[in-house]
Structures are given as structure tokens and as C-alpha cells.
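Being a predicted model, the structure only gives us computed values, none of them experimental. Below, chain A is the first sequence line, B the second, and so on; all start at residue 1.
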Amino acid sequence: MKIATFNINGIRARHQALTDWLDEADLDVVVLQEIKTVDETFPRDIIEDRGYNLETFGQKGFNGVAILSKLPLEDVRRGLPGDDEDLQSRWIEATVVGKTAVRVCGLYLPNGNPAPGPKYDYKLAWMERLAARAADLLAAEEPALMAGDYNVIPQPEDAARPDAWVKDALYLPETREAFRRILNLGYTEAFRAKTRAPGHYSFWDYQAGAWDRNDGIRIDHVLLSPQAADLMTDIHIESEVRGREKPSDHVPVVVELDA
DNA sequence: ATGGCTAAGTCGCTTAGA
């Protein structure tokens, strides 16, 4: 089962980039972030015409997540539990049944800048709620994964210029601690299970020629429950996508499970 | 401390992103 996460940065502005990639990548499941539209104006046809089932959790203008799957999507849930007042669309999950059933969660973790401030408080509170959901998923003792734009640079080797990020919400010690707390519940960070090498990024800013200078950061992650980690056969970052026409500022991360 | 770019809504600027 090939599962990808991709922050698309506006689904309506990214028809070509998304469909070109979908047509060549041969995926079973995709979680998308920053669709930046309500469900009513999501371009369902470009997805469904390619044989995907589709579940969206949109929002006007910002945020918004979706799950695409060639297999049926079962028991779909929208919204991260733990705060009924939270109106931002940043979490969707569903079960995909291949050889094995896999609980697939797609997430768009808050950016949190500027820090300190209310946006950073929201980020940390959201990460607390994520930890609670993550613990519940582990308790099920089944293959589960949480994939998406975490807006967390876990380690210095995950940035081309770590010094430039020391006061940023993506890299503050408290952010990285909260991310580690989730990992330490018992999750495997899929990409780091494959390699400790520096220089692998998933985001390059549109500004200042960041792509041309390879001034990137790795903030799109896949976390695996132990039962899912046992099934992982490969993972890679599709950085080449960033160099195409009218790209997202993020690139897809693709994990393969024997499931 | 920055804000060189991009998307979307409020539609000629502002907000948000990271």
C-alpha cells in the first residue's frame, strides 16, 4: 500500500500539479493539506475521474484537509478531538482495508508564528490534543499512521540553515519537545527509520530563490504505530516535484507498507 | 527584524503562510 502526504497549497490553484503527479505516482492513498476551500467548491472530478474515493474537510480560504483512496474509506472522522470550540479544519482520518486494515490520519498542524503569542499557544494546545489522539490510536494496537504537514523541524539536520529558525515556531525548543513527546508514546518517524542523513527537505519557500539554493526544511512527516512500522518497506521524499511549473511550496512524502 | 512569493477573500488591497 503506497500512502502519500502532500501539502498542496490551494487545490483550486493546483489542478495541473496535482493531477500530473497523481497520474505518475501510482498511489493507493493520499492525504492532502491546505486545500484552502470549502467542500462545495473542491474539484472532486479531477480526483474521482482517476478512480479515487474522496473525503474532504474543507474551510473557507485557509487550512482544509482531504483523503483520497483507491480502496474504500471506512469510518471517516473529521476534526481533532478535544476542543469543540476549534473551528479550523486540520484533521481527517479513515480506515483503508487492503491486505490489512490501516487507520490513516491526515493532519495540518498549526504554523504557530509569531511566537510567543496566541497563535503559538494554539499550536501547542493542538499538539497536546494530537498527543491524546495518538495515544488512543496506539491503544488499539493496530496499524495506524499520522501523516501530514507537522510544521515542526525536528532536528538541526532537518534545515539547510538551522540558525535562521531558532526563534521560529517551527523550531523552538518547546515545539520540538512536544513533537518528541508524541514520538515517545511509541511512534516511529518513518523517514528517520530509513536514514539519519542530513539534507532531506520537504518545503522550500517561494521567496529568495530558496529552491534554487536548496534552502529547505523537513516539516512533512509520517508517524507509524508499532504495528504499521512493522509493515513499512520504504519511504521517500519526492523533492523533484518542487522544480516543476506552478508548484506547491511543499513536496509529497510517500511511504510504502506491506498492507 | 526582516518578508524577495503565492493563494484566497474582503477583490485592490489584506491576511496567512513558514
Side-chain angles (χ1 to χ4, degrees), chain A residues 5-21 31-43 46 56-66 86-91 106-124 126-127 130 147-176 178-179 199-221 237 239 241-253:
Chain A
T5 175
F6 191 7
N7 180 323
I8 197 65
N9 188 19
I11 186 85
R12 287 177 289 168
R14 216 70 65 201
H15 284 204
Q16 196 64 49
L18 179 63
T19 54
D20 286 352
W21 170 70
V31 293
L32 296 176
Q33 302 89 39
E34 285 207 271
I35 62 174
K36 294 188 176 181
T37 184
V38 292
D39 297 339
E40 291 72 22
T41 45
F42 189 104
I46 65 169
T56 61
F57 185 37
Q59 182 180 336
K60 187 175 176 181
F62 305 104
N63 306 325
V65 290
D86 185 1
L87 300 177
Q88 301 191 29
S89 298
R90 297 178 173 277
W91 177 272
L107 68 101
Y108 176 44
L109 204 150
N111 173 302
N113 280 304
K119 291 190 173 181
Y120 192 57
D121 294 342
Y122 174 67
K123 177 175 193 155
L124 293 177
W126 204 93
M127 293 181 85
L130 175 59
D149 177 358
Y150 279 73
N151 274 314
V152 174
I153 303 167
Q155 299 289 348
E157 58 267 32
D158 297 311
R161 295 184 304 122
D163 292 352
W165 297 93
V166 289
K167 292 186 174 165
D168 194 283
L170 279 63
Y171 190 59
L172 283 172
E174 211 173 346
T175 303
R176 297 166 59 199
F179 183 72
H200 293 282
Y201 311 127
S202 66
F203 168 91
W204 295 259
D205 202 296
Y206 289 122
Q207 302 182 66
W211 167 248
D212 294 326
R213 296 186 295 122
N214 195 25
D215 181 11
I217 52 178
R218 195 176 67 89
I219 56 175
D220 297 270
H221 307 301
I237 301 175
S239 30
V241 168
R242 184 63 178 78
R244 297 183 181 181
E245 199 73 24
K246 208 172 186 296
S248 171
D249 41 7
H250 295 249
V251 297
V253 179

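- Residue A:Asn151 places at least one side-chain N or O closer than 4.0 Å to OP1 or OP2 of B:dA18.
- Taking atom CG on A:Asn113 and atom P on B:dT15, their separation rounds to 17 Å, with Å as the unit.
- Across the protein-nucleic acid pair, A:Arg161 atom CZ and B:dA18 atom C1' stand 12 Å apart, rounded to whole Å.
- Protein atom CD of A:Gln207 is 13 Å distant from nucleotide atom P of B:dT2, rounded to whole Å.
- By the 6.0 Å and 45° rule, A:Arg90 stacks over the aromatic ring of A:Tyr108.
- One P atom belongs to B:dT6, the other to B:dT10, and the distance between them is 23 Å to the nearest Å.
- Toward the 5′ end of DNA chain B lies the nearest nucleotide of A:Pro247, the other residue of the pair A:Pro247 and A:Gly112 mapping further downstream.
- The separation between A:Phe62 atom CZ and B:dA18 atom P is 12 Å, rounded to whole Å.
- Of the residues A:Ile8, A:Val241, A:Ile219, the one that meets the side-chain contact (heavy atoms from CB on, under 4.5 Å) test with A:His250 is A:Ile219.
- Proximity note for A:Ala208 (side chain, C-beta onward) versus B:dA18, B:dG17, B:dG4: the nearest is B:dG4.
- Between A:Gln59 atom CD and B:dA7 atom C1' there is a gap of 14 Å when expressed in whole angstrom units.
- Ring orientation note: the planes of A:Phe6 and A:Trp21 are nearly perpendicular, at an angle over 60° on the 30°/60° scale.
- Looking only at atom types and distance, the side chain of A:Glu34 has no donor-acceptor partner in the side chain of A:Asn9 under 3.5 Å away.
- At the phosphate of B:dG17, neither OP1 nor OP2 sits under 4.0 Å from any side-chain N or O atom of A:His250.
- Spacing between atom CG of A:Asn63 and atom C1' of B:dT15 amounts to 12 Å, rounded to whole angstrom units.
- Across all strands, A:Asp149 comes closer than 4.0 Å only to sugar-phosphate atoms, never to a base (heavy-atom distances).
- When distances run from any side-chain atom of A:Tyr108 to the nucleotides B:dA16, B:dA18, B:dA7, the shortest one goes to B:dA18.
- Note on A:Asp249: nothing from the nucleic acid sits closer than 4.0 angstrom, heavy atoms only.
- A gap of 14 Å separates the P atoms of B:dA8 and B:dA18, to the nearest Å.
- Taking all atoms of both residues into account, the shortest heavy-atom contact from A:Thr5 to A:Gly148 is OG1-CA, 3.2 Å.
- For B:dA18, the OP1/OP2 oxygens have a side-chain nitrogen or oxygen of A:Asn7 closer than 4.0 Å.
- A sub-4.0 Å separation between OP1 or OP2 of B:dA18 and a side-chain N or O of A:Arg218 is absent.
- Contact record, A:Gly58 with A:Ser89: O-OG, 2.9 Å, taken as the closest heavy-atom pair.
- An OP1 or OP2 oxygen of B:dA7 is reached within less than 4.0 angstrom by a side-chain nitrogen or oxygen of A:Lys246.
- Atom pair A:Tyr122:OH and B:dG17:C1' shows a separation of 15 Å (rounding to whole Å applied).
- For A:Tyr150 and B:dA18, the OH to P distance is 15 Å, given to the nearest whole Å.
- Contact annotation: A:Lys119 side-chain N/O to B:dA16 OP1/OP2 distance is under 4.0 Å.
- Checking B:dA16, B:dA7, B:dA18 against the side-chain heavy atoms of A:Phe203 singles out B:dA18 as nearest.
- Taking 4.0 angstrom as the limit, A:Arg12 places none of its side-chain polar atoms (N or O) nearer than this to OP1 or OP2 of B:dA7.
- Between B:dT10 and A:Lys60, a contact under 4.0 Å exists linking OP1 or OP2 to a side-chain N or O.
- Cation-pi check for A:Arg176 over A:Tyr171 is met; the charged atom lies under 6.0 angstrom from the ring centroid and within 45 degrees of its normal.
- B:dC13 and B:dA1 are spaced 30 Å apart, taking the P atom of each and rounding to whole Å.
- The side chain of A:Lys167 lies closest to B:dA1, out of B:dA18, B:dA8, B:dA1.
- Checked by distance alone, A:Asn111 brings a side-chain donor or acceptor within 3.5 Å of a matching partner on the base of B:dA18.
- Position along DNA chain B of the nearest nucleotide to A:Ile219 versus A:Val38 favours A:Val38 as the more 5'-ward residue.
- The P atoms of B:dG4 and B:dT14 are separated by 14 Å, rounded to the nearest whole Å.
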